[in-house]
Every structure is written in structure tokens, then in C-alpha cells.
Amino acid sequence: MAIISIPKGTKDVLPSESHVWQYLENILRKTASDFGFSEIRFPSFEHTELFLRGVGETTDIVTKEMYTFEDRGGRSITLRPEGTASVVRSVVENGLYAQTLPLKVYYIAPVFRYEKPQAGRLREHHQFGVEYFGSKSPAADAEVIGLADTFLKRLGIKNIRVSINSIGCPVCRKEYHAALKAYYSGHMDELCPTCHARFEKNPLRLLDCKEERCAGIAKNAPETLDYLCPECKAHFEGLKAELTALGVNYKIDTRIVRGLDYYTKTVFEFVADNIGAQSTVCGGGRYDRLVSELGGPELPGLGFGSGLERLLMVMDALGVEIPGRRLPDVFLAMAGGEAEEYVSALCFKLRASGVYAERDTTGRSLKAQMKYADKLGAKATLIIGANELANNAAVLKSMRGGRETLAELSAEDIAAKLPGINGEEMVL
RNA sequence: GUGGGUGUAGCUCAGCUGGUUAGAGUACCAGGUUGUGGCCCUGGGGGUCAUCGGUUCGAAACCGAUCACCCACCCCA
């Protein structure tokens with residue numbers, strides 16, 4: 001029979017590597033919790049309409065990357081391509097805006113986009129995201145950026161700095177767009193083909209082109225920051241002051257534009273320099289109109305998304321040390337068939353009491369059991385045969401230094417003697 | 001969607017300009033005496049040489065198509 005392989009752009013997390021994910025997720029959860037964010041969970045699919053309205057009908061995500069299908073009841077369903085729309089939907093639907101504000105939530109969830117895979121880009125990837133609702137203050141922006149800065153440092157990702165920008169509110173953005181178009185219309189014949197498309201579709205993206213000629217033109221293009229209305233300007237100044245107060249190192253990058261329609265005012269990105277072309281490791285911003293656009297009240301919000309796969313790539317490239325997986329505290333080897341059931345029972349008791357005990361169930365010889373114990377990384381072994389059963393005692397042997405001690409054949413005595421023989425505190 | 005690269009054991013890869021039973025390292029299993037791991041030694045299992053078609057007396061090697069993976073563009077996390 002031919003094997004059935006994994007769908008394009010998806011990945012298994014194998015048993016030998018899942019502890020790395022757990023390590024990462026624990027740090028993310030702890031950091032979110034330290035900053036006062038509670039977890040929110042929501043379904044993997046939503047009504048397609050949510051993303052059309054939430055993410056924006058003209059965005060790449062909506063126009064060519066969604067996993068959309070009709071369910072058996074004739075409803076148009078979409079696998080979530082990002083988390084924010086779902087969170088906002090839940091906030092509106094459950095009336096969370098009526099509770100004590102601000103509302104601070106986080107999630108760790110898979111998201112789905114029909115992409116062509118490459119380094120750092122998958123069809124299913126996992127995002128850690130936070131959303132902060134109910135504050136217009138730049139102090140909230142700084143809190144969110146500060147949280148991102150903190151979890152990156154805790155993961156051992158130093159030397160990464162947030163880039164911030166403001167794309168203004170609908171009022172000042174309209175003016176800026178006009179200025180941008182006016183500037184670029186004078187350079188149309190010098191632009192690359194994709195930029196011609198951008199000029200019509202999404203002029204902000206013109207600033208982002210990597211073509212040498214386009215980049216040169218972008219250099220002298222008008223900057224969003226010069227077109228901000230007084231309110232947006234004050235917000236941006238406030239954010240800079242807050243970040244400075246927190247000691248968060250930032251730089252201003254006027255070419256940051258995000259691909260989702262809902263952003264207003266603050267946008268930011270943390271970009272890695274060692275994982276290839278897809279290098280944004282965390283990106284987000286403020287979305288003051290999204291809640292009302294999804295049928296809720298006027299409720300300001302902001303947040304970010306961060307790709308776990310990319311975080312792991314950066315950590316790997318940096319050689320960040322990650323604690324290994326748990327190793328057996330003791331391996332119970334048996335000599336001769338008499339001990340079979342006794343070993344089963346003892347192993348079970350040890351496990352039930354919180355000791356990681358292991359044994360062989362495949363009929364290995366004693367020697368092979370010892371090799372197996374070594375392969376598993378067991379910290380100690382106990383060999384049980386007819387003699388041991390008769391004496392109700394067995395030798396407990398360290399697999400590290402080879403030290404030996406006599407232990408009574410009881411889960412209590414073995415558990416009590418393991419820390420000594422292992423030369424370290426047991427992890428229970 | 002566009003472009004480039006690669007496809008030989010579970011994993012990492014050798015296989016020179018086409019030549020007969022396709023290799024190494026590693027991993028796995030078993031032995032190196034009778035109840036003991038790590039090192040070393042010996043042996044063993046495991047491959048439709050991505051798939052299909054073509055050239056040839058002969059193809060893992062050459063040609064074509066397809067598929068998969070990787071990388072880049074686009075866009076994003």
C-alpha cells in the first residue's frame with residue numbers, strides 16, 4: 001500500500017521535539033499572564049463573512065489565501081487565517097466590552113492560509129497573539145509592545161528591536177494617500193510592474209518595494225508621519241515617550257505598512273535577521289475601528305500576532321539552549337520470567353506516585369534491557385529476579401556514575417532512595 | 001500564481017565521462033559464554049535508486065513529462 005503523506009505546507013511535531021514547543025508555549029503563557037492577559041479560546045473556523053469584513057476584502061489574505069468551503073448546511077465557512085477577527089467577534093458576541101475595561105486576552109492557536117510554502121512560511125502555522133481592548137492611550141500600545149519585547153528576551157532572542165510607525169486614522173490617511181499618489185504619478189515610468197499594480201491597489205506598499213529603482217524613489221516619497229493629524233501625532237509622540245520610559249529599545253521605520261486593512265495609528269514589527277526572507281517574527285498594531293465594524297460598540301483595540309514556527313527558527317539559529325525532555329527516574333529490569341508481574345506492579349505503583357519509571361515489554365534479554373535503559377537515558381536501574389524477590393531487596397544502580405545502593409522492593413523505599421542515587425533532586 | 005535548485009536505506013550522504021549481485025556513516029536488532037548499560041569488535045534486517053515514458057545491447061546515472069521537497073518573488077507570522 002502506498003503511504004499517504006502530509007498535506008503541503010503542514011508539519012508534524014514529533015515526540016522527540018514536542019518538549020521544545022512546550023518550553024516555548026510555557027514562556028509565552030507565563031509572560032502574557034505576568035502582563036495581566038487571560039487566555040481566550042475560539043473555534044478554528046468561522047463564517048466567511050467575518051474575515052471579509054474584519055480582515056478586509058481587498059487584502060491578499062482574503063482574496064487568495066483563505067481555506068473557504070461550504071458546509072453540509074450550505075453555509076460558507078472559512079478556516080481562520082488570523083486570530084484577531086475571531087477574538088473581536090467573541091468580544092462583541094459575548095458582550096465582554098460591558099465588563100470591566102480594559103480587556104486583555106491572549107491566544108495560542110493554529111491559523112490557515114493557502115500559501116506557497118518556503119522557509120518560514122506554511123499553510124498551517126501557529127500564532128501567539130494578544131489583544132488589548134478599551135484604552136485609547138499610547139500607554140496601552142507600549143504595554144503590548146513591551147510584552148512582546150519581554151517574551152522575546154525570555155526566549156533568548158536578544159538583538160532584536162521593534163520597528164514602529166503610525167499610519168494614522170482614516171482622516172489623515174486620506175491626505176497622505178493623496179500626497180503619495182501625487183508623488184508617485186511623477187515617477188510612473190520608472191516603477192517596476194508590480195509597483196504599477198500597487199499604485200492602484202495599495203499605494204502604501206509602494207514604499208516597501210525591494211527593487212533598487214523603486215527603493216530609490218521610495219526614499220524621497222512623503223512619509224506618513226508628516227501627514228498625521230494632531231491627535232494621531234500626539235498619540236505617536238506619547239508612544240515614543242512611553243517606550244522610552246519602559247526602556248524598550250525601538251526604531252522608527254516609516255516604510256512599515258501592514259497587510260491587514262484594520263490597522264490605525266500604531267503599527268509595529270519585530271524582524272529577525274537570521275531566518276531567511278520571511279523574517280517578521282511578531283507584528284501588530286492598533287485597530288480602533290474594528291470592533292464597531294464588526295457590529296460592536298466604539299471600542300479601541302490593539303494587539304499583535306507572533307509565529308511560533310518562526311520564533312523556533314530564530315532560537316535554533318541563535319543556538320538557544322532548551323531544557324531536554326524528561327528522562328526516566330528509574331528503569332526496572334527483570335532477570336528471568338518470574339519477576340514479570342512483580343515488575344509490572346512495581347512499575348505501576350512508582351508511576352502512580354509520580355516517579356517516571358520504565359521497563360521493557362518486548363522480551364529483551366537482561367543485557368538488552370540495560371542497553372535499552374541507557375538509550376532511554378534512565379537515571380537509575382533496578383534489576384529484579386528470583387533472588388531479589390526472595391530477599392525483598394534489589395540493587396539500585398546509578399546509570400550516571402555507576403554508584404549502587406540496596407533498596408527494599410517497595411515503591412516508597414525506591415522513591416526515597418532515587419534522589420540520592422541520582423545525585424540530584426527528582427523532578428516530580 | 002512566477003522563477004531557481006534538489007529527489008539513492010528511518011536519518012545524513014557516496015555512487016567518476018551509462019556496464020553486470022547499489023554502497024558508507026548513523027540508527028535499529030542479535031552476538032562477543034552462564035544475571036547488567038555507555039567504548040570496541042562481529043553479524044543481521046532494511047532500498048519499486050520519487051513516478052511514468054523515452055534513448056541504448058545495457059540507465060540510479062542521458063532526455064522528457066509528472067509529482068514532492070527546498071529556496072526566492074509576491075505577501076505575511
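A, B, ... follow the sequence lines: proteins, then strands. Residue 1 opens every chain.
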What orientation do A/Tyr184 and A/His187 show, parallel under 30°, tilted 30 to 60°, or perpendicular over 60°? perpendicular
Please pick, from B/C71, B/A77, B/C29, the nucleotide with the shortest atom-to-atom distance to any side-chain atom of A/Ala119. B/C71
Whole-Å gap separating P (B/A77) and CG (A/Asp273): 19 Å
When you measure only distances, ignoring hydrogens and angles, does the side chain of A/Arg121 come within 3.5 Å of the base of B/C71 through a donor and an acceptor? no
Is A/Asp374 side chain donor-acceptor paired with the B/G38 base, going by distance under 3.5 Å alone? no
If I pick the C1' atom on B/G25 and the same atom on B/U17, what distance separates them, to the nearest angstrom? 27 Å
Could you go step by step and tell me if A/Tyr67 and A/Tyr114 meet the ring pair (Phe, Tyr, Trp, His ring centres under 6.0 Å) rule? CA-CA 7 Å; A/Tyr67 277 95; A/Tyr114 192 83; 5.8 Å; yes
Using the benzene-type ring in the case of Trp, are the ring centres of A/Phe42 and A/Tyr107 under 6.0 Å apart? yes
Rounding to an integer number of angstrom, what distance separates B/U21 and B/C29 when you compare their P atoms? 32 Å
Distance check needed: B/C11 C1' versus A/Leu14 CG, whole Å only. 12 Å
The side chain of A/Lys367 is closest to which nucleotide in this list: B/A30, B/G37, B/C74? B/G37
Donor-acceptor pair present, A/Glu115 side chain and B/G1 base, under 3.5 Å: no
Pick the C1' atom in B/G23 and in B/U8, then give their distance to the nearest Å. 10 Å
When the P atoms of B/G64 and B/A72 are considered, how many whole Å apart are they? 27 Å
Have a look at A/Glu404 and say if it touches a base, only the backbone sugar-phosphate, or nothing, with a 4.0 Å heavy-atom cut-off. nothing
Between A/Phe128 and A/Phe151, is the ring centroid distance below 6.0 Å? yes
What nucleic acid atoms does A/Leu122 come within less than 4.0 Å of, heavy atoms only: base, sugar-phosphate, or nothing? base
Just checking, any donor-acceptor pair under 3.5 angstrom between side chains of A/Thr31 and A/Arg154? yes
Which value, in whole Å, describes the distance between the C1' atoms of nucleotides B/C52 and B/C16? 28 Å
If we take the P atom in both B/U51 and B/A59, what is their distance in whole Å? 15 Å
Could you check how far NZ of A/Lys116 sits from P of B/C74, rounded to whole Å? 14 Å
note: A/Leu207, atom CG; B/C75, atom P; distance rounded to Å ~ 12 Å
Rounded distance (Å) that lies between atom C1' of B/U36 and atom CG of A/Leu382: 12 Å
Return yes if the base of B/C75 and the side-chain atoms of A/Glu65 contain a donor-acceptor N/O pair under 3.5 Å, otherwise no. no
Ignoring the backbone of A/Glu388, work out which of B/C73, B/U36, B/G35 is nearest its side chain. B/G35
How many Å lie between CE on A/Met334 and C1' on B/G35, as a whole number? 13 Å
Please report, rounded to the nearest Å, how far the C1' atom of B/U2 is from the CD atom of A/Gln118. 12 Å
Mark yes or no for a side-chain to base donor-acceptor pair under 3.5 Å between A/Lys375 and B/G37, with no hydrogen or angle criteria applied. no
So, A/Ser163 versus A/Glu269: side-chain donor-acceptor pair below 3.5 Å or not? no
Regarding A/Arg173 and A/Tyr227, is there a side-chain donor-to-acceptor distance under 3.5 Å anywhere? no
Would you kindly give the CG-to-P distance between A/Asp360 and B/U36, to the nearest whole Å? 16 Å
Selected nucleotide, minimal atom distance to A/Lys371 side chain, candidates B/A77, B/U36, B/G31: B/G31
Using the P atom as the point on both nucleotides, what is the distance between B/A14 and B/A9, in whole Å? 12 Å
Taking atom P in both B/G15 and B/U33, compute the distance separating them and give it to the nearest angstrom. 40 Å
Secondary structure of RNA chain B in dot-bracket form (Watson-Crick or G-U wobble, distances below 3.5 Å, | marking inter-strand pairs): (((((((..((((.....[...)))).(((((.......))))).....(((((..]....))))))))))))....
Quick one: are the ring centres of A/Tyr262 and A/Tyr287 less than 6.0 Å apart? yes
